[in-house]
Amino acid sequence: MPEATFHFPPDFKWGVAVAAHQVEGNNDGNDWWDWEQQEGSIKGGRRSGLACNWWQDAEADFDRAAALGVDSLRLSVEWSRVEPRAGAFDEVALERYVEMVRGLRGRGIEPMITLHHFTIPRWLSEQGGWESRETVRLFVRYVARVVQALSPYCDLWCTINEPNVYAYQGYLAAIWPPGESSFGSAMTVIRNLLLGHAGAYRVIHELQPGARVGLAHAMLVFDPPRDGSLLDRVATRLIDRAYNRTILATLRRGIWAPPLGFGLALKVRETLDWIGLNYYTRQRVAFDRTRSEDLYTRRFHEDDAELLDGGYGEFYPEGMLRCLERLVGFDLPIYITENGIPDDDDDQRPRHILTHLHILWKGIQRSYPVMGYYHWTLVDNFEWAEGWTLRFGLIAVDPETQERRPRRSAEVYGNLIRANAIGPRLVDEYAPELRPKLYPG
Ligand code: FCB
């Protein structure tokens with residue numbers, strides 16, 4: 001019997017994902033730029049600087065994406081470029097985004113545009129950012145302007161990237177701007193982000209009735225330790241609810257799910273045309289009564305877990321299927337809006353790509369409505385507080401010289417896309433150690 005080839009649906013979207021601040025360079029009008037200037041805020045003391053020089057020449061990397069066969073690219077619009085002063089929109093900046101998006105279309109690549117990927121204009125952070133309810137209105141106004149400019153070339157919109165991560169890192173863990181540590185503020189921020197999402201959903205549909213609008217939701221798999229106690233299991237359940245469940249449950253039911261709050265949230269109900277899943281890793285969760293700032297948990301990995309670079313997490317492909325299982329009940333199309341690993345020497349990524357996509361293929365066999373996959377990321381880029389220490393790119397970048405060097409992972413992904421399938425030859429060439437798992441017997 002010939003060995004199975006795992007085919008993807010003919011219209012499956014093969015993508016890569018990036019975010020404005022991480023690639024554009026010289027984004028000096030936002031809160032992150034200011035944060036980077038503070039000593040100790042970024043690992044290795046590095047800054048975003050010229051990043052990957054996309055503001056000048058994203059097109060060179062669009063060519064590289066097209067050469068891999070990628071047919072969708074998720075990129076974000078930088079609010080501080082489009083609206084450098086409150087209410088003053090910069091037509092030249094908008095025109096640059098039009099040029100980029102047309103450049104993608106010209107290469108046969110469909111854009112997915114994220115309207116908020118972590119950064120906010122400096123003027124907005126000075127007036128309270130997402131802690132202020134007024135930001136909801138301002139966000140919707142900015143979104144309307146962007147959609148007016150870009151809707152001739154794009155109908156696939158991602159309103160907000162990872163509200164939970166944004167609130168956690170900036171308002172609880174205090175490692176991203178604005179560097180706060182307050183549970184109450186974190187919850188306020190998520191509520192306002194969801195109201196912003198809902199307002200954006202409506203205004204986009206008014207301007208472009210056929211638009212497909214979603215949000216990118218980060219999920220982590222939380223498991224108690226193998227020999228976990230009852231308290232560990234309870235702590236795991238609570239953190240899982242807070243991090244993975246609350247946001248989507250609120251959007252679905254139109255009722256603020258605890259710990260976000262109580263009462264009706266009718267405005268946010270039914271404001272998703274699709275769900276984006278950003279999946280990276282799993283964490284083990286133990287109860288720890290000394291760590292109130294982390295919902296009384298300590299998070300770690302079992303000794304036998306395969307770890308990723310820089311303590312980023314555990315190599316755990318099954319987690320993607322476990323997250324998907326929880327999303328199918330929403331009865332909405334799903335995109336994997338991000339998935340990838342930090343792996344400078346590329347010794348894990350080829351296997352990562354093959355195992356995660358094999359797992360995704362299994363989900364599709366179970367009729368999970370997964371429409372596409374966006375690998376994070378095309379080129380190494382500025383990884384927020386981790387600076388340049390974590391390298392997530394299919395293509396390596398030297399930020400000093402801007403030199404590009406495709407990793408073997410780029411080849412794997414390109415071959416997989418061209419075949420629209422995972423077959424035995426691909427496995428043998430790039431990750432022979434996977435053979436027993438994918439082809440048992
Ligand atoms: C996600 C972010 C993205 C990138 C990856 C590694 O949480 O959305 O910008 O930092 O992690």
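Atom set for the values below is all heavy atoms of this structure, side chains included, hydrogens, waters and symmetry mates excluded. Starting from 1, each residue takes its place in the sequence as its number. Whatever order the structure lists them in is the order used to number ligands and atoms, beginning at 1.
Residue Glu306 qualifies as enclosed at atom CD: its count of foreign heavy atoms under 6.0 Å is above 12. Within 6.0 Å of atom CZ in Arg64, more than 12 heavy atoms from other residues, nucleotides or ligands are found, so the atom counts as buried in its surroundings.
By heavy-atom distance, the residue among Leu390, Asn381, Asn161 lying nearest atom 8 (O) of ligand 1 is Asn161. When the heavy atoms of His21, His117, Glu162, Glu383 are ranked by distance to atom 10 (O) of ligand 1, first place goes to Glu383.
In this structure, atom 2 (C) of ligand 1 lies nearest to the protein heavy atom Glu338 OE1, 3.4 Å. Looking at atom 5 (C) of ligand 1, its nearest protein heavy atom turns out to be Tyr280 OH, 3.3 Å.
Within the 4.0 Å heavy-atom criterion, the part of Tyr312 lying near ligand 1 is the side chain and not the backbone.
Listed by number with element, the atoms of ligand 1 under 4.0 Å from a non-hydrogen atom of Phe392 are 6 (C). The distance from ligand 1 to the heavy atoms of Trp376 drops below 4.0 Å at these ligand atoms: 3 (C), 4 (C), 5 (C), 6 (C), 9 (O).
Cation-pi geometry between Arg105 and Tyr153 is not met: the NZ or CZ atom fails to fall both under 6.0 Å from the ring centre and inside 45° of the normal.
Side-chain polar atoms of Glu78 and Ser80 form a donor-acceptor pair below 3.5 angstrom. Residues Tyr201 and Asp273 bring a donor and an acceptor atom of their side chains to less than 3.5 Å of each other.
No option in Arg405, Arg349, Arg391, Arg407 other than Arg407 meets the salt bridge (Lys or Arg N to Asp or Glu O under 4.0 Å) test with Asp344.
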